[in-house]
Amino acid sequence: MSKYKLIILRHGEGAWNKENRFCSWVDQKLNSDGLEEAWNCGRQLKALNFEFDLVFTSVLNRSIHTAWLILKDQVPVESSWRLNERHYGALIGLNWEKMALNHGEEQVRVWRRSYNMTPPPTEESHPYYHEIYSDCRYKVCDMALDQLPRSESLKEVLERLLPYWNERIAPEVLKGKTVMLSAHGNSSRALLKHLEGISDEDIINITLPTGVLILLELDKKLRAVGPHQFLGDQKAIRDTIKKVDGQVKVKQGKK
Amino acid sequence: MSKYKLIILRHGEGSWNKENRFYSWVDQKLNSDGLEEAQNCGKQLKALNFEFDLVFTSVPNRFIHTAWLILEELGQEWMPVESSWHLNEHLYGASIGLNWETMALNHDEEQVRIWRRSYNVTLPPTGESHPYCHEISDSRYKVCGVTLDQLLRSEILKEVLERLLPYWNERIAPEVLKGKIVVISAHGNSSRALLKRLEGISNEDIINITLPTGVPILLELDENLHALGPHQFLGDQEAIRVAIKKVEDQGKVKQVKK
């Protein structure tokens, strides 16, 4: 029986989502569609009478801006690198469609969605290496800069996210606080896998659209009482999921 | 020698600042000038290469939005922001919502200046029938234990300092002593109260201290968190003098109406 409700949100669309590029830890802003998605979420939450006590975000500004746009009144917002998007290593900045041409659609799908596959790590020569690691937000984390990931599988995302869930977020939920996580596609999938008990094989099929509210009902031990639910126009959401899934398909004309 | 730096910021302009009305705890949004002030403040701090560790704000939205806009300019949206009613503006009692210029016509300019700026002079309290009573007796104050009686009072600046100090001592000062560079996004009077304390400004002199909106104020502190010198406004000094005069003139009756 459901005792707690948790809202998870994959941030609104950014320029690189539209360009089908691995954004990862690069700090891209929301684009105009992403802003609109965030405002729509805010309106939806208001219509559903959701009032949050606490919001958790990653340290990437697209997740923070999404939260800011949704919150109309002051609600404490806490940011942690442990909710960051999956670190895609050397794939950061690359376009999925071109990669699908070079490596095949299935390979790209596995890279994006699988549980255990770690992409090659990012090196100092990577065009976005210094943009990421010289930013002061990574000097004040609870992990030393040189220990922060240089590439991750989804499994590794969950390993760095879980201590934060257990130590910061779960205790607040257990106190009865209404909590929202404004996070990313893969950090959200990792957490859903853990809470819903989704298998390593099935997680590859879970797609989360941008800017759509996800409700997870939890029992007293913070295990999901059923699958996550998308809130909103279900047909529109199915279309959006199809769009996200279709991002790695090579357009027929180019094959 | 300066051991610590503190930045204090009076929030950007809201519509009631422009209308010369006692804002107090009424939760008005920033107007377009206020948005611009906050963004300019952020750009200025960026140009001065300030890097912060922590932001404290009061509870009404315009303070939080000011902080968010500044952090956005600095590319530091991830920075922790903590809000507390202890940093809220002076509770102005029955004067909430009233226009200073109209009051100056009825009570004279010097009286209004004393009400706005002095340390010990109280305005009449408000009551449940006040037009803004329900707006300020908001659920966010119930969760932090502020009672309706407290909300209906009128505070003197001395009392603003008395309720701000425990928060300074228990939450903000320890962070400063750890070497963190802290920004406090607050209101004119809560900022003045804190500056009075840290700079040792007398009860008589505090009436002459005016803080313009959206201008970062730097205070350099010694190892005991006492100010090493007077607060400094950062930015174009001529523009700041004009902004200060604008705030000071808000309580004056315009000549043509006299």
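Below, each value reflects all heavy atoms present in this structure, side chains not excepted, and no hydrogens, waters or symmetry copies. Proteins come first, then strands; the chains are lettered A, B, ... in the order of their sequence lines, and each starts at number 1.
Looking at V140(A), only its side chain comes within 4.5 Å of chain B, counting heavy atoms on both sides. Contacts between D135(A) and chain B at a heavy-atom distance below 4.5 Å involve the side chain alone, from C-beta outward.
One finds the CZ atom of R62(A) at 12.0 Å from the CD atom of E77(B) (value rounded to the nearest 0.5 Å). To the nearest 0.5 angstrom, I64(B) atom CD1 is 11.0 Å from W68(A) atom CH2.
Listed by sequence position, K29(A) are the residues of residues 29-44 of chain A in contact with chain B, using a 4.5 angstrom heavy-atom cutoff.
Counting non-hydrogen atoms of other residues, nucleotides and ligands closer than 6.0 Å to CZ of R171(B) gives a total above 12. Atom CD of Q39(B) sits in a crowded spot, with more than 12 heavy atoms from other residues, nucleotides or ligands closer than 6.0 Å.
Pairs passing the ring pair (Phe, Tyr, Trp, His ring centres under 6.0 Å) check and including a residue from residues 139-159 of chain A, sequence neighbours excluded, do not occur.
W78(B) and C136(A) make their closest contact through CZ2-SG, 3.6 Å (heavy atoms, listed as atom of the first residue, atom of the second, distance).
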